[in-house]
Structures are given as structure tokens and as C-alpha cells.
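Reading through the C-alpha cells given below for one structure.
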Amino acid sequence: MAILTSGGDAPGMNAAIRAAVRVGEQQGLELFGVARGFNGLLNGSFRPLDAGDVSGVIQQGGTFLGTARCTEFKTDAGQERALHELHLRRIDALVVIGGNGSQQGSFALARKGFPVVGVASTIDNDLTGSDITVGVDTALNIALEAIDRLKVTASSHERGLVVEVMGRDCGYLALMAGLTGGAEAVVIPERETGPDEIARVFHKAYADGKKHALAVVAEGARCNAQTLIRYFEEQPGPFEVRATILGHVQRGGVPTAYDRLLASRLGAGAIDALLKGQTGVLVGLLDDRVGTTPLGTVVDTCKPLNLELLDLAAVLS
Ligand code: ADP
Ligand code: F6P
């Protein structure tokens, strides 16, 4: 059985690999790691993995197998090449640890009849089939720590503060970072807000005597950091505004206890699912239990965001 990590890396991926290898080995499987995601399938970059190879990785962020984006794998020819390499090495099944795009890749192989199980792992938390995905907790805590620090200096200078967080098209990280970071405004793609509204909120914060005002914005929102910087340059308000784009800092952390636990459960769950004959499914956390969802459902459905939390963030700000 082979294991790969694909798409954006997420803290906890190593813990998921470790769990899959250790459970698989105990079940008598011969395991292989694939380097650099689907690229490694195409290039035949396989290496044997045993319990010792995953020693000391549970606390490491990133993925020791490497990850990548692989355009060729999106084509039928690329997928056929991957299948050829898998058959050549007599690999019977594949575990794909990754996010939305990666699970579309898993689904493509499953549709061609190859046994695949996905493990829900992305900082974006945009995967149907898992209430929370591996890496989210760490990324959120990193964003929160940055926000706490930025608020200190913004207060000293009495400034407005825009913090942009990752999430691709999903506002989950921004919403949670905004709510838990005490933001005056949260901007997410699921409910767009214009710059005028942010300016109004900043004005109100100033009028209320606040020392700073904070807007947490999702990178996928139209009103992102760049839009707001331009807006406030043209129409300065009572607060001088500074913006910080957190970017990849959020992905690079040491996985939290929560992510290590989640990754361990899902990595082990992937082997259990395969050994029970389940394929073409995503292993995720559903109502605090490890469960599976058909990949067809995963790739066809958008995970809804709890917008009540956006209203709560506004009430609490
Ligand atoms: P993530 O898994 O973090 O969402 P990406 O969206 O970048 O990351 O996808 C990772 C990789 O998954 C892509 O580079 C590609 O190899 C594969 N992939 C994405 N979409 C598809 C698709 N529709 N069909 C087959 N493979 C895909
Ligand atoms: O999918 C994870 C993610 O970090 C997104 O939040 C972000 O939009 C994207 O990957 C960034 O990708 P890259 O690492 O290629 O810049």
C-alpha cells in the first residue's frame, strides 16, 4: 500500500503518515511512501516505509514525503501513467492525505477502479466529509497569536489593522480567527462586505473610544487586504490603517495536540477503511467519530460555513 501527501502542506500530515504506517505494519501490510504528491506517482518515486521511518515525525510540521501540485495528473493520460506505475510496483491501494483538490485526484483514480482512501487534511477546512480537517487548529492558533501581537502595536499607535488569512475560497479560518481574536470586522467570501462597511465599523470603533480597530479578512474575499489598503489610502479615516498578510506563516507550524490527535485517528482510520474493503472514500471526523464519506459526495458538495458565528463576532466586537 502506498501513501502520499498532496496540495498545500498542513501541520499534522506527518502524524497522519505515521499512524497509517504503524497501523498498516501491524496489520501485516507492506508500505511505501510516494514523494511529492501525485508527481511521485507519475515519476515512480516510491520508497519503502516502516515503523522506524516514522520515528520522531509526530511533532514536525509539513510533510517529510514532500508535497506538490501536479497539473499532468489532472489529465487522463497522467492518471493512466500513475496507474501504470502503481501496477508496476504491485501496489494494491493508495492513501491520499490532502485537501479539496487532492481528493479530486483521489476520486479520479477511484473512478478508474483503483482502491483509494483520502485523509482530510488542509488548513482551509473546506472539505465535505470532515467537520474539521488536519492542520486547521494549528493554522488558526498561529493566526491568532499573530493577531494578538498585532493588536498590541496597533493599540500603542491607535491604528486600524487589517489582517489577511489564508483559506482559498473558504472563510473558515478568517471567521474563527476574527471571532477568537476579537475583531471589529470579519470579511469572508461566503458573505461579502464592502470597504465602506469596514470604514464605517472603524469609524464607530474610534467614536467609541477604542484604541484600535481590527478587520480579519479572508484571502478569498473580494474585499481583501489589498482592496482595503487602496481604499484607506484614498479615503483615510480616523485611524491610520496598516495591513498584514499572514500567508504561509500559518502553514508552517508545529502541529498542536489537537492536530496530532486528529491526524493519528484519521491516518489509522484510512488503513481500517481499506482493510474493511472500503475504497473511494474520504476518512474524516464526523460528530467526533472517525467516519467515511464517498469521494463523489466530497468533490460535489461545498461544506457550509456556520454564518451564525459571523453574527456572533459582530455582536461581540
Ligand atoms: P489541495 O489538496 O490543498 O486543495 P490543490 O487544489 O492544489 O490542493 O490540488 C492538489 C493536486 O491534486 C493538484 O495539483 C492535482 O495534481 C490534483 N488535482 C486537483 N484537482 C484535480 C482534478 N480535478 N482531477 C485530478 N487531479 C486533481
Ligand atoms: O490550500 C491550502 C492553501 O494554503 C490555501 O489556503 C492557499 O490559498 C494556498 O494553499 C496557497 O498555495 P501555495 O502554497 O501554492 O501558495
Side-chain angles (χ1 to χ4, degrees), residues 4-13 16 34-43 45 61-63 65-83 85 94-112 114 116 118-130 132-140 142-143 163-177 188-189 216-221 224-226 245-253 259 266 280 282-284 295-296 298-303 305:
L4 64 81
T5 49
S6 166
D9 67 345
M13 278 182 160
V34 183
R36 297 181 303 282
F38 292 115
N39 277 307
L41 283 188
L42 300 188
N43 304 333
S45 304
T63 159
L65 288 176
T67 186
R69 294 191 164 103
C70 175
T71 317
E72 194 185 340
F73 187 73
K74 290 187 178 180
T75 65
D76 190 65
Q79 290 156 19
E80 287 298 332
R81 206 171 125 201
L83 286 175
E85 293 291 334
L94 179 68
V95 173
V96 174
I97 302 169
N100 223 330
S102 304
Q103 303 311 338
Q104 294 193 32
S106 306
F107 187 48
L109 287 182
R111 263 190 316 194
K112 286 179 177 286
F114 194 82
V116 186
V119 171
S121 182
T122 163
I123 67 160
D124 300 339
N125 203 28
D126 57 352
L127 265 175
T128 296
S130 198
I132 186 107
T133 52
V134 172
V136 171
D137 187 63
T138 309
L140 178 56
I142 294 169
V163 180
E164 183 179 296
V165 301
M166 278 188 165
R168 199 168 281 182
D169 301 323
C170 177
Y172 181 89
L173 270 182
L175 176 53
M176 296 305 163
I188 55 174
V216 176
V217 305
E219 65 174 352
N224 59 14
Q226 226 174 4
I245 297 175
L246 292 182
H248 295 90
V249 165
Q250 291 156 99
R251 276 204 336 225
D259 273 329
L266 300 191
L282 179 79
V283 176
L295 284 168
V298 172
V299 301
D300 271 353
T301 352
C302 279
K303 180 151 89 179
L305 201 56

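Side chains are part of it too, since the values below use all heavy atoms of this structure and drop only hydrogens, waters and symmetry mates. Atoms within each ligand, like the ligands themselves, are counted from 1 in listed order. It should be emphasised that the depicted structure is a prediction, and the values quoted were computed from it without experimental measurement. In this chain, numbering begins with 1 at the start of the sequence shown.
- Residues of the protein with a heavy atom under 4.0 Å from ligand 1 are Ser6, Gly7, Gly8, Phe38, Arg69, Cys70, Phe73, Lys74, Gln79, Gly99, Asn100, Gly101, Ser102, Gln104, Gly105, Arg168, listed by chain and number.
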Show the numbers, then the answer: is there a side chain to side chain donor-acceptor pair (under 3.5 Å) between Thr75 and Glu72? CA-CA 6 Å; Thr75 65; Glu72 194 185 340; 5.6 Å; no
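- Protein residues with a heavy atom closer than 4.0 Å to ligand 2 are Arg69, Ile123, Asp124, Met166, Gly167, Arg168, Glu219, His248, Arg251, listed by chain and number.
- Residue Leu295 comes nearest to Ser106 through the heavy atom pair CD1-CB, 3.7 Å, listed as atom of the first residue, atom of the second, then distance.
- Ion pairing between a basic and an acidic side chain is recognised when a charged N comes within 4.0 Å of a carboxylate O; Lys303 and Asp124 show no such pairing.
- With sequence neighbours excluded, the residues forming a ring pair (Phe, Tyr, Trp, His ring centres under 6.0 Å) with Phe73 are Phe38, listed by chain and number.
- For the pair Leu266/Ser121, no side-chain contact is recorded, criterion being any heavy-atom separation below 4.5 Å from C-beta on.
- When side chains are defined from C-beta on, Gln250 counts as touching Leu173, because their heavy atoms get closer than 4.5 Å.
- Within the 4.5 Å cutoff, the side chain of Asn125 has heavy atoms near those of the Ile132 side chain.
- Scanning for side-chain hydrogen bond (donor to acceptor under 3.5 Å, both in side chains) contacts around Arg251 gives Asp9, with sequence neighbours left out.
- Within the 4.5 Å cutoff, side-chain heavy atoms of Lys112 are placed close to those of Glu80.
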